[in-house]
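In what follows, a structure is listed as structure tokens, so that the remarks can point back to it.
Since this is a predicted model, take the numbers as computed values, not measurements. Only heavy atoms go into these numbers, but all of them, side chains included; no hydrogens, no water, no symmetry mates.
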Amino acid sequence: MARRIAAGAAYGGGSVGLIGAAAVGVLLAEVQLAKRSVGGGTAPIPPRGNGLYGLSFGRENPLHLAVLGDSTAAGQGVRRAGHTPGALLASGLAAVAERPVEVRNIALPGARSDDLERQVTQLLADRTRTPDVCVIMIGANDVTHRMPPTQSVRYLASAVRRLRTAGAEVIVGTCPDLGTIEPVYQPLRWLARRVSRQLAAAQTIVVVEQGGRTVSLGDLLGPEFAANPREMFGADNYHPSAEGYATAAMAMLPTLCAALGLWPESDALDVDRDEDMLPVARAAATAASEAGTEVTGARAPWALLKHRRRRRLPAADAASHEPADHTAPAEDRAGPS
């Protein structure tokens, strides 16, 4: 199915669906019920977290990190800039590279993949600050708003292609497993898991084809949410808390470092960690079912499936962070996804 979605995106098809119309109706109805059951608060407007991190390494020659996508990329649910994914990744990247890292977070809460064109255009408009690496987190709103999956991955492929052409490394956190949100009941849980995993696999195929890398978010936060719901959910009881975002950032940091040639690990496959070289579609499907898995292109049509060792993130505190701003512009105040 992921292969069909990716092919439909490449050749202009738009009719490949993930589930039938009747199932979609059930899914959407139960999603709204789940949101009302889970929700109970209002997510604060996410702080931008833009600015310079790792000031202990000076201010000269910073790495440029850009964050694009939806509410998860923006950090919806936390109040401090240092708790957003961009800030967490920048702090970790600065510690590994021993260089300051400048963050530009232009993600928009509520965004779907069709907003990536606008975000990329905004990012690349300033030619004096071409990003070294871009992180994209997108897909959940595409599922809940019934965007055709072929359109969804077509928009993503176009965004990755433009960023790669501009010279940036691109890492995509693929669609999370919507079946892990509590409370979500059957048949919604099964449908949500199937839909989101199929989209995640299709995203992986098109991203790798465009020269990017993916990290599957999947049910990465599922066990933590189940065991510590008060700690892992944010103020609205729907978006992740600071601890939740830190868990996701820890999974993505090794791939950012590897893409920039900073990670001390060898790229040799580690059989003990179930790493392998597989056809792209098979690697995508495997990654979608196992959170925290990196997929990067090798010689076509093969891809590397890796499970990199994670490093705990340093705190993004005032001593290492000079923010450019702490509030979102009015155009970004679209509410939680």
Side-chain angles (χ1 to χ4, degrees), residues 5-6 8-10 12 14 18 28 31 35 43-50 65-77 84-86 89 103-126 129-131 133-166 168 170-176 178 195-196 199-200 202-207 210 212 214-215 217 236 238-240 245 248 252 325 327-337:
I5 295 169
L18 295 175
L28 292 176
V31 162
K35 282 187 175 181
I45 296 171
R48 303 301 286 171
N50 292 334
L65 166 65
V67 182
L68 306 90
D70 56 21
S71 59
T72 306
Q76 189 91 35
T84 59
L89 289 170
V103 173
R104 292 182 65 194
N105 188 335
I106 56 175
L108 176 66
R112 287 167 276 181
S113 293
D114 56 359
D115 190 55
L116 289 176
E117 181 178 2
R118 181 195 63 80
Q119 293 185 30
V120 172
T121 298
Q122 178 183 338
L123 176 66
L124 298 182
D126 185 353
R129 293 195 297 171
T130 300
V133 60
C134 298
V135 172
I136 302 175
M137 301 168 75
I138 200 81
N141 296 319
D142 296 10
V143 173
T144 59
H145 289 78
R146 290 187 291 178
M147 176 178 287
T150 51
Q151 290 185 19
S152 175
V153 297
R154 189 182 305 133
Y155 289 124
L156 177 60
S158 175
V160 174
R161 181 167 57 251
R162 291 179 64 191
L163 293 170
R164 292 289 292 141
T165 300
V170 181
I171 291 85
V172 175
T174 55
C175 181
L178 300 181
V195 170
S196 49
L199 180 57
Q203 288 176 322
T204 296
I205 293 173
V206 299
V207 169
Q210 299 301 325
T214 64
V215 177
L217 298 182
D236 63 347
Y238 184 71
H239 288 92
Y245 283 122
M252 299 187 73
D325 60 82
T327 59
E331 68 177 24
D332 286 351
R333 298 180 186 181
S337 59

Can you tell if the side chain of [X] reaches within under 4.5 Å of the side chain of [Y], non-hydrogen atoms only?
X: Ile171; Y: Val133; value: yes
X: Cys175; Y: Gln203; value: yes
X: Pro109; Y: Asp70; value: no
X: Gln151; Y: Arg154; value: yes
X: Arg112; Y: Ile138; value: no

Exam field: side chain [X] to backbone [Y], donor-acceptor pair closer than 3.5 Å:
X: Gln210; Y: Arg164; answer: no
X: Asn141; Y: Ala111; answer: yes
X: Asn50; Y: Asn105; answer: yes
X: Tyr245; Y: Gly86; answer: no

- Option passing side-chain contact (heavy atoms from CB on, under 4.5 Å) with Thr214 (candidates Ile205, Thr174, Val160, Val206):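 By the side-chain contact (heavy atoms from CB on, under 4.5 Å) criterion, Thr214 pairs with just one of Ile205, Thr174, Val160, Val206: Thr174.
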- Would you please say whether a donor-acceptor pair under 3.5 Å links the side chains of Arg48 and Thr84? no
- Message: Check this for me: does any side-chain nitrogen of one of Arg118 and Asp115 sit under 4.0 Å from a carboxylate oxygen of the other?
- Response: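 The answer is yes: the pair qualifies as a salt bridge.
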- Query: Got a sec, which residues hit salt bridge (Lys or Arg N to Asp or Glu O under 4.0 Å) with Asp114, two or more places apart in sequence or on another chain?
  - Reply: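 With sequence neighbours excluded, Asp114 shows a salt bridge (Lys or Arg N to Asp or Glu O under 4.0 Å) to no residue whatsoever.
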